[in-house]
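Before any comments, here is the structure.
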Amino acid sequence: MTYTGAVKVGGPADVHELRDLMITKIAVGPMDNNAYVLRCRATDEQLLVDAANDAHTLLGSIGDDSITSVVTTHRHPDHWQALAEVVAATGARTYAGREDAEGIPVPTDVLLDDGDHISVGHVRLTARHLVGHTPGSVALVYDDPHGHPHVFTGDCLFPGGLGNTRKDPEAFAALYRDVTTKLFDVLPDETWVYPGHGDDTSLGAERPHLEEWRARGW
């Protein structure tokens, strides 16, 4: 079946099958958070992006192969409600942005800085530090050698705009700068975007609106 990225809490997951990586998208919790299980197709090693809520559902999607790591994209509580339970059940190593780790109540094993790499089997992800939504938000970029890039943006980029910067002009300017220079300026239009809430998008779909976002300030 064709992957759409449209998922609902209580509904089925959607699976994006790439040549080297399988991406399972699940919606959980009262804030309709997205969580993503990434599986290396060569080794079956798995990584979870955001143990947001509903550990039972997340562990069901993870399955018997478990996970070796879990990345928390940022410190806001709706993105780590199930983290302690998932880590207790799987023994996974925890990753988070250096500047956000102190705001996550589960100890972070690996502090991420801009440009750091995370491996899931033979697949390599690159962390991009995006300041503004929180001080230590991270996006994860998978540069698929067989196709276009894929980026997991947490709450920094959505269809239609950037993440919430609480009407703080400095925070918005920082997030706009980082998303522009670290994502739009270096990745092609075909780049698939997997956000922390809601439907997927692409950089090409959002690129024409960058100046509009800058002018409106949110």
Side-chain angles (χ1 to χ4, degrees), residues 1-18 21-40 44-97 100-110 112 118 120-121 123 125 127 133-134 136-140 142 150-159 163-164 192-201:
M1 295 180 65
T2 301
Y3 173 80
T4 67
V7 294
K8 295 181 178 180
V9 175
D14 200 3
V15 180
H16 202 171
E17 297 194 27
L18 310 179
L21 184 69
M22 291 183 63
I23 301 167
T24 301
K25 180 179 182 178
I26 318 129
V28 292
M31 297 185 70
D32 296 335
N33 286 76
N34 295 326
Y36 301 91
V37 179
L38 279 55
R39 176 191 286 264
C40 171
D44 287 333
E45 185 174 322
Q46 295 189 120
L47 174 151
L48 174 65
V49 180
D50 281 344
N53 206 297
D54 191 354
H56 176 76
T57 293
L58 295 180
L59 291 169
S61 291
I62 289 166
D64 294 338
D65 288 335
S66 194
I67 52 173
T68 57
S69 46
V70 54
V71 179
T72 302
T73 58
H74 63 289
R75 67 188 185 187
H76 286 162
D78 60 307
H79 289 261
W80 49 253
Q81 290 295 310
L83 182 59
E85 190 171 346
V86 167
V87 169
T90 63
R93 287 171 63 81
T94 55
Y95 294 73
D100 269 15
E102 66 179 4
I104 300 169
V106 177
T108 299
D109 297 318
V110 181
L112 294 171
I118 305 167
V120 50
V123 170
L125 309 171
H133 182 67
T134 65
S137 289
V138 291
L140 300 177
Y142 169 50
H150 299 254
V151 57
F152 302 86
T153 56
D155 284 2
C156 289
L157 177 63
F158 296 99
N164 187 4
W192 199 291
V193 175
Y194 305 82
H197 305 262
D199 293 341
D200 298 354
T201 186

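Between Pro195 and Asp200 the shortest heavy-atom distance is CD-OD1, 3.7 Å. Closest of all the heavy-atom pairs between Ile26 and Ala13 is CG1-CB, 4.0 Å. The two residues Gln46 and Ile62 make their nearest non-hydrogen contact at NE2-O, 2.9 Å. Across Trp80 and Gly103, no two heavy atoms sit closer than the pair NE1-O, 3.9 Å. Closest non-hydrogen pair, Ala35 versus Leu58, comes out as CB-CD2, 3.6 Å. Of all the heavy atoms in Ala139 and Thr153, the pair that sits closest is CB-CA, 4.1 Å.
Using a 4.5 Å cut-off on side-chain heavy atoms (C-beta onward), Leu18 and His16 make contact. Looking only at side-chain heavy atoms (C-beta outward), Leu47 and Leu125 come within less than 4.5 Å of each other. Counting only heavy atoms from C-beta outward, the side chains of Val123 and Leu38 never approach each other to under 4.5 Å. Residues Thr57 and Val28 meet the side-chain proximity criterion, which asks for heavy atoms closer than 4.5 Å. When side chains are defined from C-beta on, His197 counts as touching Asp78, because their heavy atoms get closer than 4.5 Å.
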- prompt: Which is it for Thr72 and Val106 under the side chain to side chain contact (heavy atoms under 4.5 Å, CB included) test, yes or no, and what are the steps along the way?
  reply: CA-CA 10 Å; Thr72 302; Val106 177; over 6 Å; no

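Considering only residues two or more places apart in sequence or on other chains, Asp100 meets the side chain to side chain contact (heavy atoms under 4.5 Å, CB included) condition with His74, Arg75, Thr134, Pro135, Ser137. Asp50 is linked by a side-chain hydrogen bond (donor to acceptor under 3.5 Å, both in side chains) to Thr73, His79, counting only residues two or more places apart in sequence or in another chain. In terms of the side-chain hydrogen bond (donor to acceptor under 3.5 Å, both in side chains) criterion, Asp32 has no residue partners (sequence neighbours excluded). Applying the ring-ring contact (aromatic ring centres under 6.0 Å, His included) criterion to Tyr142, with sequence neighbours excluded, gives no partner residue. For Asp199, there are no salt bridge (Lys or Arg N to Asp or Glu O under 4.0 Å) partners at least two apart in sequence or on another chain.
If you take CG on Leu21 and SG on Cys40, they are separated by 7.5 Å, rounding to the nearest 0.5 Å. Here the straight-line distance linking atom CZ of Arg39 with atom CD of Glu17 works out to 11.0 Å at 0.5 Å rounding.
Evaluation of the side-chain hydrogen bond (donor to acceptor under 3.5 Å, both in side chains) test over residues 87-96, restricted to residues two or more places apart or in two chains, returns Thr94-Asp109.
Classified by interplanar angle (parallel below 30°, tilted 30° to 60°, perpendicular above 60°), the ring pair Tyr3/Tyr194 is tilted.
With Lys25 as reference, Val7 is the one residue of Val37, Val7, Thr4 to meet the side chain to side chain contact (heavy atoms under 4.5 Å, CB included) rule.
Heavy-atom neighbours of Met22 CE from other residues, nucleotides or ligands within 6.0 Å: above the threshold of 12.
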